[in-house]
Amino acid sequence: MSETVHKLCYPTLGNYEIAIKFYVEKGAGSIYIPPPTMTKKTVDLGAKYSPDFSCAPFKYHMGNYIEALEKGANVLIQTGGTCRLGYYAELHEQILKDLGYEFRILNLNPYLYHKLFPMIRDMRTVCDNGNLFTLARALPGALRMVVLIDRIEDYYRQNMGFEITNGDFDSVYKRFLHELRRANNIGAIQHSYKKAKASMEAIPIHKPKHPLRVGIVGEYFTIMDPFSNHEIERKLAKMGAEVHRWMNLSNSVLICPDKRTLQRLGRYLHYDINKFPGGIWAKYHRELASKYLKFDTGSSSVATIALAEHYAKQGFDGVIHIKSFGCTPEIDCIPVLHHISEDYKMPILFLSYDTQTSDTGIETRLEAFYDMMAQKAQKS
């Protein structure tokens, strides 16, 4: 009997699947099957086979998994997280096996956030043409991809709304992602980034001296996945705002654990830990959020509160709080965010998403919020 060919899949999360594909193919030497582009069909599938009161990310992952299994995937990757998402691997596995699918689930949640080498060791079980050496060698390239995607997207969301010729930023951004998908090594990855950054900086823009600045805070998955949040950042930028979002994989995972972890990866990541608000992530837990919190309320909630106050102190015109329906840690944030809004006289828009959220409803609320910020800025 021939050995099983491993075909891995990870559920959609922005454009990070590019880095995951690189690691699976270059490190494990296995086949990577990306889930189909998220559509209403994906959401409906996920909602149909998920518990009613599970959060939207659970349902999106379920839909992703079903579509990927139908495409031939036989190993499903689940990273879990610091909220109840950490338990979702077992629940997804049970539901999908009850539906008759045959597969293996690779749950990476036990390795978060400091156990890279045990993770690499256990990744050997899904290697077809890889080993411990190739897995370790491919890791810096995959991590570098994550960092560079985040850097390009930071520049993109802060400047795309001021382009003179509509579509210039989109063109460079799509070309960057295309070239990144074809990159075979860390040199090609770095070249793609430098080329895209230079092209974006060369795009003619008409940016006011003091543009409206909006900070995006909130729940880990929904804030980073454009489909899940109805491309709120793009919509806001196109209205003429400079959009800032600290929460991404570079900041929250690669830097979040501790300073030593970053230093171990140093020369491969080329990331300055002092470039994001407040320095080391742990400083938020110990100091910035302590004014409003006595205890860690779980998941990304401490970051939500700390970042909202940071944006308020920096004179931002507004903050948008994004969460999936039923996300308990982010629900706990809402009263605190109201206090921050009152203390700093900064408006905060609260958006909660589920599988039935209307795109039109989101746009209407965004337009009203933008108009309110613009009027407030004119009076000040």
Side-chain angles (χ1 to χ4, degrees), residues 12-18 37-38 56-57 60 146-163 166-174 176-177 196-197 200 203 205 207-208 211-252 276-277 300 303-304 307-308 310-312 314 316-324 327 330 337 346-354 357-374:
T12 299
L13 178 58
N15 292 302
Y16 295 125
E17 59 91 10
I18 300 174
T37 302
M38 290 273 283
Y60 292 150
V146 170
V147 170
L148 297 183
I149 287 171
D150 288 338
R151 285 188 182 180
I152 285 293
E153 290 186 351
D154 281 345
Y155 190 89
Y156 177 70
R157 71 174 64 94
Q158 291 173 29
N159 294 281
M160 67 175 295
F162 308 101
E163 61 187 5
N166 189 41
D168 278 355
F169 273 92
D170 283 340
S171 178
V172 174
Y173 179 58
K174 290 175 182 177
F176 165 69
L177 295 178
K197 185 65 182 300
M200 281 192 175
I203 293 174
I205 61 175
K207 191 172 185 178
L212 287 180
R213 293 185 300 164
V214 183
I216 307 293
V217 301
E219 177 255 309
Y220 191 75
F221 176 86
T222 308
I223 198 175
M224 289 194 290
D225 186 63
F227 179 87
S228 300
N229 62 46
H230 293 238
E231 296 193 339
I232 187 173
E233 293 170 347
R234 179 182 176 81
K235 288 181 172 68
L236 200 56
K238 287 297 184 181
M239 292 177 189
E242 183 180 286
V243 183
H244 292 250
R245 168 166 59 82
W246 180 89
M247 182 62 73
N248 56 38
L249 288 189
S250 297
N251 293 333
S252 61
F276 63 92
S300 51
T304 293
L307 289 164
H310 167 78
Y311 292 136
Q314 294 297 312
F316 274 52
D317 297 282
V319 160
I320 298 179
H321 178 239
I322 293 174
K323 71 173 184 66
S324 61
C327 178
E330 294 298 329
L337 292 175
M346 179 189 68
I348 298 179
L349 174 64
F350 297 92
L351 296 176
S352 184
Y353 293 83
D354 60 25
T357 299
S358 162
D359 192 64
T360 303
I362 294 294
E363 287 187 3
T364 301
R365 295 188 65 189
L366 270 185
E367 289 170 358
F369 187 67
Y370 180 87
D371 290 342
M372 180 181 66
M373 289 189 298

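Note that the numbering runs from 1 along the sequence shown for the chain.
Looking at Val243, Asn229, Ile223, Leu366 one by one, the single match for side-chain contact (heavy atoms from CB on, under 4.5 Å) with Ile320 turns out to be Leu366. The only member of Glu219, His321, Lys323 that meets side-chain hydrogen bond (donor to acceptor under 3.5 Å, both in side chains) when paired with Ser352 is Lys323. For the side-chain hydrogen bond (donor to acceptor under 3.5 Å, both in side chains) test with Glu242, the passing option among Gln158, Lys207, Arg213 is Lys207; the others fail.
Ring-plane geometry between Phe221 and Tyr60 is classed as tilted, the angle between the planes lying from 30 to 60 degrees on a 0 to 90 degree scale. A tilted orientation is assigned to the rings of Tyr155 and Phe169, their planes being inclined by 30° to 60°.
Considering CD1 of Ile203 and CG of Asp168, their distance stands at 5.0 Å, rounded to 0.5 Å. Leu349 contributes atom CG, which lies 8.5 Å from atom CD1 of Ile322 (distance to the nearest 0.5 angstrom). Here CD of Glu363 is found 5.0 Å from NZ of Lys235. Values are rounded to the nearest 0.5 Å. Rounded to the nearest 0.5 angstrom, Leu351 CG and His230 NE2 are separated by 10.0 Å. Distance check, rounded to the nearest 0.5 Å: CZ of Phe316 to CG of Leu307 gives 10.0 Å.
Here the closest heavy-atom approach between residue Thr222 and residue Pro57 is recorded as OG1-CG, 4.3 Å. Of all heavy-atom pairs spanning Tyr311 and His244, the tightest one is OH-O, 3.8 Å. When all heavy atoms are compared, the tightest approach of Ala237 to Met160 is CB-CG, 3.6 Å. Looking at every heavy atom in both residues, Ala241 comes nearest to Val214 through CB-CG2, 4.1 Å. Shortest non-hydrogen contact noted between Pro347 and Met373 is CG-CG, 4.3 Å. Considering all non-hydrogen atoms of both residues, Asn15 and Ile149 come closest at O-CD1, 3.7 Å.
Side-chain contact between Asp150 and Val147 is absent, with no heavy atoms from C-beta onward closer than 4.5 Å. Contact check for Asn159 versus Met200: no side-chain heavy atoms found under the 4.5 Å cut-off. Under the 4.5 Å side-chain criterion, counting only non-hydrogen atoms from C-beta, Thr12 is not in contact with Phe227. Side-chain contact between Phe176 and Lys197 is absent, with no heavy-atom pair separated by less than 4.5 Å.
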### Message
Under the criterion side chain to side chain contact (heavy atoms under 4.5 Å, CB included), I'd like the reasoning laid out for Asn248 against Met224: C-alpha separation, chi angles, the key distance, then a yes or no.
### Response
CA-CA 7 Å; Asn248 56 38; Met224 289 194 290; 4.3 Å; yes

### Task
Test Val217 against Trp246 for side chain to side chain contact (heavy atoms under 4.5 Å, CB included), laying out the working first.
CA-CA 8 Å; Val217 301; Trp246 180 89; over 6 Å; no

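The backbone N or O of Ala56 lies less than 3.5 Å from no partner atom in the side chain of Tyr353, so there is not a single donor-acceptor pair. Glu163 places a side-chain N or O within 3.5 Å of a backbone atom of Gly167 that can act as its donor or acceptor partner. Without hydrogens or angle criteria, Arg157 side chain to Leu236 main chain gives no donor-acceptor distance under 3.5 Å.
Scanning for side chain to side chain contact (heavy atoms under 4.5 Å, CB included) contacts around Glu367 gives Met239, with sequence neighbours left out.
With hydrogens and angles left out, the side-chain atoms of Ser300 and Glu330 include a donor and acceptor closer than 3.5 Å. Side-chain contact of Thr357 with Asp354: a donor-acceptor pair under 3.5 Å is present, judged by distance alone. For Asp317 and Tyr370, the side-chain atoms include no donor-acceptor pair closer than 3.5 Å.
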